[in-house]
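For ligands, and for the atoms within them, numbers begin at 1 and follow the listed sequence.
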Amino acid sequence: MLGFSFLLLLMLWMMQTVFLDDMYKMVRRWETNQAVQLVEENINDADLFDILRDLEESKGISVQLTQDFVEPQDFFSDGREREQPETITQTRVFVLEDGSSISLTFHARISPVDATVSTLQVQLYILTAFLIVIAILMGIIISRRISKPIEQINKSAKVLSRGEYEVRFNGHGFSEIKELSDTLNTAAKELSKVDRLRKELMANVSHDLRTPLALIYSYAEMMHDFPEEISEEQTQVIMEETKRLSGLVNDILDISQLETGNMQLNLSTYDLTESLQNTIDRTGALVHKDGIQIVFQKEEEVYIHADERKITQVFYNLLINAIHYSGKDQVIHVRQKRIGNDIRVEVEDRGEGIAQQDILFIWDRYYKVDKEHKRAATGTGLGLSIVKNVMELHGGSYGVESKKGQGSTFWFQLQIANERPAS
Ligand code: ADP
C-alpha cells in the first residue's frame, strides 16, 4: 500500500511541479490551434467579432490583424521598458468570401506558473501526509482481515498435511475466509473419519482374520502330518472357520461399500412375507439340531419396494444375533406387523439382553458388548452396523427394546408398496 501511494505521489509531484510548465505551454498551444480553427470556420460570419471577444475573455487569446499589429510598447513612467508577458503567437492567412485575404495573428498569454507551483507544492505536502497515513491504516486493516487469517489457515493446513486431523481452522475476517475455513474443517473431519475407519478396520480385521487362519493352518497341519488320524472334529473346525472368514470378508466389503456411499440399491417390488419365511426356513433348518426354534407370526402377505437381497441380509443379521444371544429359552419370535402404511418386522429373543449403557453403541461398527471376544458366541461386530446403513439407505427405521437379562426385540420398519407386480 505504501509503495502504491509513493508511486502515486511521485507521479503527482512530477506532473505538478517539474512538468507543469511544459504541460501548460503544450495545452496553450493546443488551445491556440483550436482558436485558429474556430476563426477559420467562422471567418465570413457576422458573429466573428463575438467569437473573437469570447476567445479573449475566456481563453486569454487575443487576435489582431497582422499588418496592424504593433508590438505593444509598454514603459514605466521613468522610461524603463516593462517586462512583456510571455505569449504563444501564431499567424494565419484566411481567405474571405470576396476572394481577398487577411492575415491574423493569435496571441495566447502565458501566465507565470511559479506562484501556482508553490501553491501546488503545499497541497502536495498535505496530500502526501494524508496518503501515507491512509496507506498505513489500509495496510493494517488488510493484513488483519485478509493476510493474518490466511496465514493461520495455511499453518493449520500444513499441520493437517502431516496427518494431524484434529487440527481446527479458525478463519475470521471476510466471509469468504470464514467459508474457506469451514470447508477445510469439514475436510479435516472427513479425513479423520476415514483415518479412524482405516485404523479400526486394520485392528479388527487383522485380529478377526488371524485367529481363524491360525486355527485352519494348525488343523490342516495336523491332518497333513497324521493323515490316518483325520477326525470329523478337525474337518468341522476347518469348515466353520472358513465360513467365518468368508462371512467376515463379505461383511467388510458390504460395510465399506455402504459407508463410502458406493452401495447401489437394486430396487424391486417383492413379497416380503415370503422372503422372510424362506430365510426363517433355511436358518431354522441349520439351528434345529441345537434345539432352537423360530416362530413366525404374520397377519397378511405384504409387498415392499426395496432391495430384496439387502433387506434379507438385515433380517438375517437380526435373526442370527437372536440365535447367538438367545440363552436358555431357545425360542425366537419373528413378528410381521402392519402399522398404518408401514410394515414392521420384529425379532425377539429371551436371551441375555443388552445393558442400557450399551444400547446406543451397538449400531456402531465393530461394537461388541463383550469386549473379551467370545469367539464361539459373537460375530464380527458389523451385523447391526449393516442393518443401520441399509435401513438408512432405504429411508426406513430400526431400533431395539431390550432389558439386561430379559432378552431383546430388534425391529425394522419399511413402507408397504402401493402396487404389487403383475404376476
Ligand atoms: P456381532 O457380530 O458381534 O453380533 P453386531 O453388530 O451384530 O455384531 O452386534 C453388536 C453387539 O450388539 C453384539 O456384540 C452384541 O453384544 C449386541 N447384540 C446384538 N444383538 C443382540 C441380541 N439379540 N441380544 C443381545 N445382544 C445383542
Side-chain angles (χ1 to χ4, degrees), residues 196-197 200-201 203-212 240-241 243-259 263 276 279-280 283-284 286-287 290-296 310-335 344-393 397-412:
R196 211 185 55 231
L197 209 134
E200 274 177 9
L201 200 79
N204 289 286
V205 169
S206 55
H207 180 276
D208 284 343
L209 288 181
R210 214 178 285 142
T211 326
E240 268 174 19
E241 293 304 313
K243 211 163 85 191
R244 186 192 294 278
L245 271 180
S246 73
L248 176 65
V249 170
N250 284 338
D251 279 0
I252 291 167
L253 285 179
D254 279 348
I255 204 76
S256 67
Q257 270 186 329
L258 281 165
E259 299 233 338
M263 181 68 92
L276 294 180
T279 312
I280 290 170
T283 321
L286 281 178
V287 294
D290 302 325
I292 291 172
Q293 198 195 339
I294 306 171
V295 181
F296 187 24
K310 297 212 175 56
I311 298 296
T312 304
Q313 192 185 0
V314 164
F315 177 57
Y316 180 76
N317 287 358
L318 296 184
L319 200 58
I320 287 293
N321 276 352
I323 292 167
H324 276 159
Y325 303 102
S326 65
K328 278 198 265 0
D329 179 18
Q330 294 183 313
V331 184
I332 310 240
H333 290 274
V334 177
R335 282 182 220 100
R344 182 171 162 132
V345 178
E346 291 181 354
V347 181
E348 183 193 328
D349 68 78
R350 308 250 167 82
E352 55 192 73
I354 307 164
Q356 210 58 31
Q357 73 265 21
D358 291 316
I359 276 195
L360 274 183
F361 305 107
I362 54 172
W363 308 95
D364 292 350
R365 261 174 284 112
Y366 298 117
Y367 189 83
K368 291 176 189 175
V369 173
D370 181 3
K371 298 279 186 311
E372 282 177 3
H373 220 79
K374 251 193 283 159
R375 282 177 37 74
T378 54
T380 59
L382 291 172
L384 290 181
S385 177
I386 292 174
V387 171
K388 172 183 149 190
N389 277 287
V390 170
M391 289 321 289
E392 280 172 0
L393 218 58
S397 47
Y398 58 92
V400 60
E401 279 132 38
S402 183
K403 259 206 181 129
K404 188 90 188 131
Q406 290 183 18
S408 329
T409 305
F410 279 84
W411 59 269
F412 64 90

A.B. asks: Just to be sure I read this right, does ligand 1 sit under 4.0 Å from the backbone of Asn317, its side chain, both, or neither, counting only heavy atoms?
C.D. replies: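 Under 4.0 Å from ligand 1, Asn317 contributes no heavy atoms.
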
A.B. asks: Given Leu319, Asn321, Ile320, Ile362, which has its nearest heavy atom closest to atom 19 (C) of ligand 1?
C.D. replies: Asn321

A.B. asks: Only heavy atoms of Leu384, strictly under 4.0 Å: list the atoms of ligand 1 that pass.
C.D. replies: 5 (P), 6 (O), 7 (O), 9 (O), 10 (C), 12 (O), 19 (C)

A.B. asks: In terms of heavy-atom contacts, does OH of Tyr316 have more than 12 from other residues, nucleotides or ligands at under 6.0 Å?
C.D. replies: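 Not more than 12 within 6.0 Å, no.
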
A.B. asks: Which one holds for Phe410 and ligand 1: side chain close, backbone close, both close, or neither close, with close meaning a heavy atom under 4.0 Å?
C.D. replies: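 Within the 4.0 Å criterion, Phe410 contacts ligand 1 through side-chain atoms alone.
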
A.B. asks: Looking only at heavy atoms of Ile354, does any of them come nearer than 4.0 Å to an atom of ligand 1?
C.D. replies: yes

A.B. asks: Could you work out, with side-chain hydrogen bond (donor to acceptor under 3.5 Å, both in side chains) as the rule, every residue matching Glu346, not counting sequence neighbours?
C.D. replies: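 In terms of side-chain hydrogen bond (donor to acceptor under 3.5 Å, both in side chains), with neighbours along the sequence ignored, Glu346 is linked to Arg335, Lys337, Arg344.
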
A.B. asks: Which atom pair, heavy atoms only, marks the closest approach of Ser408 to Val400?
C.D. replies: CB-CG2, 4.3 Å

A.B. asks: Pull out every atom of ligand 1 sitting under 4.0 Å from any heavy atom of Ser408, numbered as shown with elements.
C.D. replies: 22 (C), 24 (N), 25 (C)

A.B. asks: Which pair of heavy atoms, one from Ser402 and one from Gly407, lies closest together, and at what distance?
C.D. replies: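 So the two residues come closest at OG-O, 3.2 Å.
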
A.B. asks: Can you name the ring pair (Phe, Tyr, Trp, His ring centres under 6.0 Å) partners of Trp363, sequence neighbours left out?
C.D. replies: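 Listed in chain order: Tyr398, Phe410.
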
A.B. asks: Does ligand 1 come near enough to Tyr325 that some N or O of the ligand is less than 3.5 Å from an N or O of the residue?
C.D. replies: yes

A.B. asks: If you measure from CG on Asn317 to CG on Asp251, what distance do you get to the nearest 0.5 Å?
C.D. replies: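 Between atom CG of Asn317 and atom CG of Asp251 there are 6.5 Å.
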
A.B. asks: Quick check on Gly353 - does any of its heavy atoms sit under 4.0 Å from an atom of ligand 1?
C.D. replies: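 Contact check Gly353 vs ligand 1: positive.
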
